[in-house]
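Values below: every heavy atom of this structure, side chains too, minus hydrogens, waters and symmetry copies. Residue numbers start at 1 and run along the sequence shown.
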Amino acid sequence: MLGELVLDGIEYVESSESRALVEHRVPGLAGNYLQDLGSAPNTILIVGSRHGDEARDTFLTAVREIFNAGEPTTFVADINTATDLTDVVIEDLQVAETGGHRFRYRIRLRKYIEPPEPPATGLLDGGLLGDALNVVGALNTLDALGSIPDLGDPTPPLRAALTGVQTATGGLGDIVAELDSLFG
């Protein structure tokens, strides 16, 4: 049974189990070193056939619903004896019409292994975020300094103001000279 679906018409079932071995070459060592990375998820291949339009439509609707959901589902079969295979996902689904209202199906299941929980974020030092924000603030300050106008000669704006003062006080010298002559 695949979830709630009874797999009628099964003609062939194959279970495949393997280990993930990585081969390392070591200079000077006769032969290679094999590193065992554990077992690969089991694979179950199921091949079967059905006859009749109603049987085909019912079967394909149910199995495609499981396939399209992409969710793990339960799998129970005698071939799973002495394995811990209980939850599977449909890795591959193939169907073919063979004539005479008969069709064949081929389903490859893979053992579902729940992914590990993501690491807890509480392990990070809270001060790291504050330090990073301080660095960003310092960089923004340096960037703002880059936009300060040239301070080499600050007098151009003052020269225009002094010209106005000179124009306004230009006649005071004659007035002062007349006052000196009167009171002098």
Side-chain angles (χ1 to χ4, degrees), residues 1-140:
M1 286 190 63
L2 181 62
E4 299 297 321
L5 177 65
V6 176
L7 297 172
D8 289 328
I10 294 176
E11 298 169 355
Y12 177 78
V13 177
E14 175 183 303
S15 176
S16 176
E17 301 171 41
S18 62
R19 300 205 65 80
L21 299 177
V22 177
E23 186 173 357
H24 299 280
R25 294 181 179 193
V26 179
L29 180 69
N32 296 326
Y33 169 71
L34 295 177
Q35 182 179 11
D36 186 356
L37 299 179
S39 62
N42 300 38
T43 301
I44 305 288
L45 176 64
I46 303 169
V47 178
S49 64
R50 301 295 308 270
H51 185 268
D53 292 338
E54 184 178 336
R56 176 197 62 214
D57 293 345
T58 303
F59 178 83
L60 290 178
T61 300
V63 77
R64 284 185 172 143
E65 183 177 305
I66 297 169
F67 177 75
N68 290 329
E71 299 289 327
T73 188
T74 57
F75 177 67
V76 178
D78 293 340
I79 201 165
N80 291 344
T81 302
T83 68
D84 61 347
L85 183 68
T86 55
D87 294 328
V88 296
V89 291
I90 298 176
E91 181 180 38
D92 187 49
L93 171 65
Q94 296 177 17
V95 293
E97 293 276 351
T98 57
H101 300 285
R102 187 174 169 92
F103 77 98
R104 295 182 57 91
Y105 63 88
R106 178 183 166 104
I107 303 171
R108 187 172 45 239
L109 306 174
R110 293 289 296 245
K111 178 182 178 181
Y112 174 75
I113 299 172
E114 191 160 334
E117 293 289 326
T121 57
L123 297 175
L124 293 176
D125 183 6
L128 289 176
L129 180 60
D131 293 344
L133 291 175
N134 289 338
V135 168
V136 170
L139 292 174
N140 287 337

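- Environment of CD in Glu97: crowded, with over 12 heavy atoms of neighbouring residues, nucleotides or ligands closer than 6.0 Å.
- Contact of the Ile44 side chain with the Val88 side chain is not registered, since no non-hydrogen atoms from C-beta on lie closer than 4.5 Å.
- Contact annotation: the side chain of Thr74 never approaches that of Met1 to less than 4.5 Å [non-hydrogen atoms, C-beta and beyond].
- Of all heavy-atom pairs spanning Ser49 and Arg102, the tightest one is OG-NH2, 3.0 Å.
- Taken to the nearest 0.5 Å, the CD atom of Glu17 stands 9.5 Å off from the OG1 atom of Thr43.
- When all heavy atoms are compared, the tightest approach of Leu5 to Ala62 is CD1-CB, 3.6 Å.
- In this structure, Leu7 and Phe59 have side chains that are in contact, with non-hydrogen atoms separated by less than 4.5 Å.
- For the atom pair Asp8 CG and Tyr105 OH, the distance stands at 7.0 Å (nearest 0.5 Å).
- To the nearest 0.5 Å, the span separating CZ on Phe75 from CG on Asn42 amounts to 11.0 Å.
- In this view, Asn68 and Arg64 satisfy the side chain to side chain contact (heavy atoms under 4.5 Å, CB included) rule, not counting sequence neighbours.
- Across Gly100 and His51, no two heavy atoms sit closer than the pair O-NE2, 3.0 Å.
- Atom OG1 of Thr73 sits about 10.5 Å away from atom CD of Glu65, to the nearest 0.5 Å.
- Of all the heavy atoms in Arg106 and Val47, the pair that sits closest is CG-CG2, 4.1 Å.
- For Gln35, the CD atom sits in a packed shell: over 12 heavy atoms of surrounding residues, nucleotides or ligands are nearer than 6.0 Å.
- In this structure, CG in Leu109 is found 6.5 Å from CD1 in Ile90, a value given to the nearest 0.5 Å.
- Residues Arg104 and Glu11 form a side-chain contact, since some pair of their non-hydrogen atoms from C-beta on lies under 4.5 Å apart.
- Counting heavy atoms of neighbouring residues, nucleotides and ligands inside a 6.0 Å radius, atom CD of Glu14 exceeds 12 of them.
- In this structure, Asp84 CG and Ile113 CD1 are separated by 8.0 Å, a value rounded to the nearest 0.5 Å.
- Applying the salt bridge (charged side-chain N to carboxylate O under 4.0 Å, His left out) criterion to Arg110, with sequence neighbours excluded, gives Glu91.
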